[in-house]
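Below you'll find the structure, written out as structure tokens, and then a few comments.
Keep in mind that this is a model prediction, so the values were computed, not measured. Chain A is the first sequence line, chain B the second, and so forth, proteins listed ahead of strands; every chain is numbered from 1. Both backbone and side-chain heavy atoms feed into the values below; hydrogens, waters and symmetry mates do not.
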2 protein chains.
Amino acid sequence: MRVLVVEDETKVGSFIKRALEEESYAVDLCEDGAQGLDLALTGSYDLIMIDLMLPGLPGMEVLTRLRKEKIQTPVLILTAQSKVDQRVKGLDAGADDYLTKPFAIDELLARVRALLRRGTAESSGTLQIDDLILNPATREVTRGGQRIELTVKEYALLEYFMRHAGRVLTRPMISDHVWNQDFDTFTNVIDVYVNYLRNKIDRGRARKLIHTIRGSGYMLKVD
Amino acid sequence: MRVLVVEDETKVGSFIKRALEEESYAVDLCEDGAQGLDLALTGSYDLIMIDLMLPGLPGMEVLTRLRKEKIQTPVLILTAQSKVDQRVKGLDAGADDYLTKPFAIDELLARVRALLRRGTAESSGTLQIDDLILNPATREVTRGGQRIELTVKEYALLEYFMRHAGRVLTRPMISDHVWNQDFDTFTNVIDVYVNYLRNKIDRGRARKLIHTIRGSGYMLKVD
DNA sequence: CTTCAACGACAAGAACGCGCATAGGTCATG
DNA sequence: CATGACCTATGCGCGTTCTTGTCGTTGAAG
């Protein structure tokens, strides 16, 4: 899942970025409203986080323009004041949630998870394909009841696969959501990580879940 | 479906080309405005993608000349700036859609699909002839409910057949849309691939769908 | 009806490129 | 310094794409 963070305070911004990256999100950080809007308009984010107090183009303006362009990506607003009218304005303008500073990082992570969950219809909280179960809240993965340990990147890839199970995922689609902007298209990192995942998830199992669609990409499914 | 991409940044251009080819489009890449115009004027493309910031002949000029020559091919404009007036000018000049860089490849593909769909008036999303069903979104093909696995080339050929079912398709028409411009006219690759398709689609079925029009070409239809 | 040329069907295999596996290198962390 | 995560690089196997050549079919002329 790729997240855009538009936050002018460098310290806060990089703090959020690090926290999110630890949780396997691909994060692009941007300290400028106008540039943030441009990035957001590409539509390749699964979540956008905007500080309302931005120099230049204010956060609220970014949000309204975004919605005007029919970008439906969930938006989480960060605001210094807890003034109610600020929040209301934000929600009216099309924000999906807000958070007042200072905030606990855990709460931020929880709200991020909630917003992303909303996107994938299922509200149960866990994702399941065959006997493979993934719990985004605890980042726990099991197959057949057996715990599977994944690295940050492996987890990010698997979560993306599970949220889009049964669909062909092309390499560009995968890099767009699992890696961040400075992804180098001309390497085979994706193949390598799919291979890592296969070793941990499919190796030795009767039912393979990760399938190669030659010439197109990959697909997670039960045959 | 054949696409012309006029883009001077080699990296961006080849990235787009690769992405489109993964989706079974035949892509011609061109880094020069004047040459791009020449190619576009041949009229054998289903979609044309033009960067506005070209050396020599600017993209906007290419577009206006194209429309002056009554070429109605859908045009998608690529622009570095998100400046509103650029977009407006482009649309006024006869472009069908625009995209600002940097863009998500998913969005580009979505817009390409939308433009091509508009052209063929098909809006349901899936194509169907008799009990043969093709779903462009998932690249899934079934006949009589039974899944059929196709290679990238076979799929491209079948999609072209289905989008022009009931009409005679000559070899030049087929090579123009399914292969790209460096196609060797003096081979029988087309016949060979039609044969492959027959094996997977018509072999053993009561109703044959692929018919040979001797001296002309092929045709997809129910008798 | 027979003959013949043109055209298409099909088989077999060569050439090519994709995806896989593995090894190694870099960087951050403790 | 040791470890693990992330990424790069490379060679190989195999599926895909294309070429080549032969055989079958069609339809018109003799």
Side-chain angles (χ1 to χ4, degrees), chain A residues 14 17-19 21-27 139 141 148-158 168-172 174-175 178-204 208 210-220, chain B residues 14 17-19 21-27 139 148-158 160 168-172 174-175 178-204 208-219:
Chain A
S14 54
K17 181 166 152 71
R18 286 187 55 162
E21 282 176 343
E22 256 175 43
E23 297 288 312
S24 294
Y25 298 100
V27 182
R139 294 174 28 89
V141 176
I148 294 175
E149 298 293 340
L150 297 178
T151 72
V152 172
K153 229 20 174 217
E154 289 164 357
Y155 174 86
L157 182 58
L158 179 60
V168 177
L169 303 176
T170 67
R171 273 159 241 272
I174 294 170
S175 63
V178 178
W179 274 263
N180 64 10
Q181 283 240 304
D182 37 1
F183 175 84
D184 182 2
T185 321
F186 301 99
T187 75
N188 68 336
V189 212
I190 294 178
D191 305 51
V192 170
Y193 269 82
V194 168
N195 186 34
Y196 289 162
L197 269 190
R198 279 195 167 125
N199 284 339
K200 295 189 177 182
I201 286 171
D202 279 346
R203 163 87 40 109
K208 309 295 183 195
I210 301 175
H211 302 270
T212 303
I213 314 299
R214 194 167 217 276
S216 298
Y218 297 97
M219 184 164 164
L220 188 74
Chain B
S14 53
K17 182 167 152 73
R18 285 182 55 163
E21 283 176 344
E22 270 185 31
E23 301 282 329
S24 295
Y25 299 101
V27 182
R139 283 184 32 115
I148 295 174
E149 300 291 342
L150 298 178
T151 72
V152 174
K153 244 341 181 250
E154 290 164 356
Y155 175 86
L157 182 59
L158 179 61
Y160 181 64
V168 178
L169 303 176
T170 66
R171 272 159 242 271
I174 294 172
S175 64
V178 178
W179 275 261
N180 62 12
Q181 65 184 351
D182 44 355
F183 177 84
D184 182 4
T185 322
F186 303 100
T187 76
N188 69 336
V189 212
I190 295 177
D191 305 50
V192 171
Y193 270 83
V194 168
N195 184 35
Y196 289 163
L197 270 190
R198 279 192 166 127
N199 284 338
K200 294 189 176 181
I201 286 172
D202 280 346
R203 161 89 36 110
K208 309 296 182 194
L209 296 180
I210 301 174
H211 302 271
T212 304
I213 312 300
R214 198 179 166 81
S216 301
Y218 298 96
M219 183 164 162

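Applying a 4.0 Å cut-off to non-hydrogen atoms, the residues of residues 189-197 of chain B that approach DNA chain D are B:Val189, B:Val192, B:Tyr193, B:Tyr196, listed by residue number.
OP1 or OP2 of D:dC6 has not a single side-chain nitrogen or oxygen of A:Trp179 nearer than 4.0 Å. For the pair A:Thr187 and D:dT8, the criterion of a side-chain N or O lying under 4.0 Å from OP1 or OP2 is met.
Taking all atoms of both residues into account, the shortest heavy-atom contact from A:Leu157 to A:Val178 is N-CG1, 3.9 Å.
The nearest whole Å value for the distance from the NZ atom in A:Lys200 to the P atom in D:dA5 is 7 Å. For the pair A:Glu21 CD and D:dA5 P, the computed distance is 16 Å after rounding to whole Å. Rounded to an integer number of Å, the gap from OH of A:Tyr155 to C1' of D:dC6 is 19 Å. One can place CD1 of A:Ile213 at 11 Å from P of D:dT16, the figure rounded to the nearest angstrom. Summarising the geometry, the separation between CG on B:Leu157 and P on D:dT16 is reported as 16 Å, rounded to the nearest angstrom. If you take CZ of B:Phe183 and C1' of D:dT17, they are 12 Å apart, rounded to a whole angstrom. Rounded to an integer number of Å, the gap from CG of A:Leu150 to C1' of D:dC6 is 15 Å.
Residues that satisfy the side chain to side chain contact (heavy atoms under 4.5 Å, CB included) test with A:Thr187, not counting sequence neighbours, are A:Asp184, A:Val189. Listed by chain and residue number, A:Arg139 satisfy the side-chain hydrogen bond (donor to acceptor under 3.5 Å, both in side chains) test with A:Ser24 (two or more places apart in sequence, or in another chain). For A:Lys17, the side chain to side chain contact (heavy atoms under 4.5 Å, CB included) test picks out A:Glu21, A:Val27, A:Leu29, A:Asn180, with sequence neighbours left out. Taking the side-chain hydrogen bond (donor to acceptor under 3.5 Å, both in side chains) definition, one finds that B:Asp202 meets it with B:Arg143, sequence neighbours left out. With sequence neighbours excluded, the residues forming a salt bridge (charged side-chain N to carboxylate O under 4.0 Å, His left out) with B:Arg171 are B:Asp191, listed by chain and number. Judged as a side chain to side chain contact (heavy atoms under 4.5 Å, CB included), and not counting sequence neighbours, A:Glu22 has no contacts. For A:Lys200, the salt bridge (charged side-chain N to carboxylate O under 4.0 Å, His left out) test picks out A:Glu154, with sequence neighbours left out. Residues passing the side chain to side chain contact (heavy atoms under 4.5 Å, CB included) test with A:Val141, sequence neighbours excluded: A:Leu132, A:Leu134, A:Ile148, A:Leu150, A:Tyr155, A:Leu158.
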Are there any protein N/O atoms within less than 3.5 Å of an N/O atom in nucleotides 21-29 of chain D, and if so, which ones and at what distance?
residue: D:dG21; atom: O6; partner: B:Asn188; partner atom: ND2; Å: 3.4

Would you list the atom pairs, donor with acceptor, under 3.5 Å between side chains in residues 209-217 of chain B and any protein atom, with sequence neighbours excluded?
residue: B:His211; atom: NE2; partner: B:Lys208; partner atom: O; Å: 3.1
residue: B:His211; atom: NE2; partner: B:Lys221; partner atom: O; Å: 3.2
residue: B:Thr212; atom: OG1; partner: B:Arg198; partner atom: NH2; Å: 2.6

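Take the nearest nucleotide of DNA chain C for B:Arg171 and for B:Asn199: the residue whose nucleotide is more 5' is B:Arg171.
For DNA chain C, the contact window with chain A, defined by any atom under 4.0 Å from a protein heavy atom, covers C:dG17 to C:dT22 in 5' to 3' order.
A:Ile190 is listed as a side-chain neighbour of A:Trp179, based on a closest heavy-atom distance under 4.5 Å.
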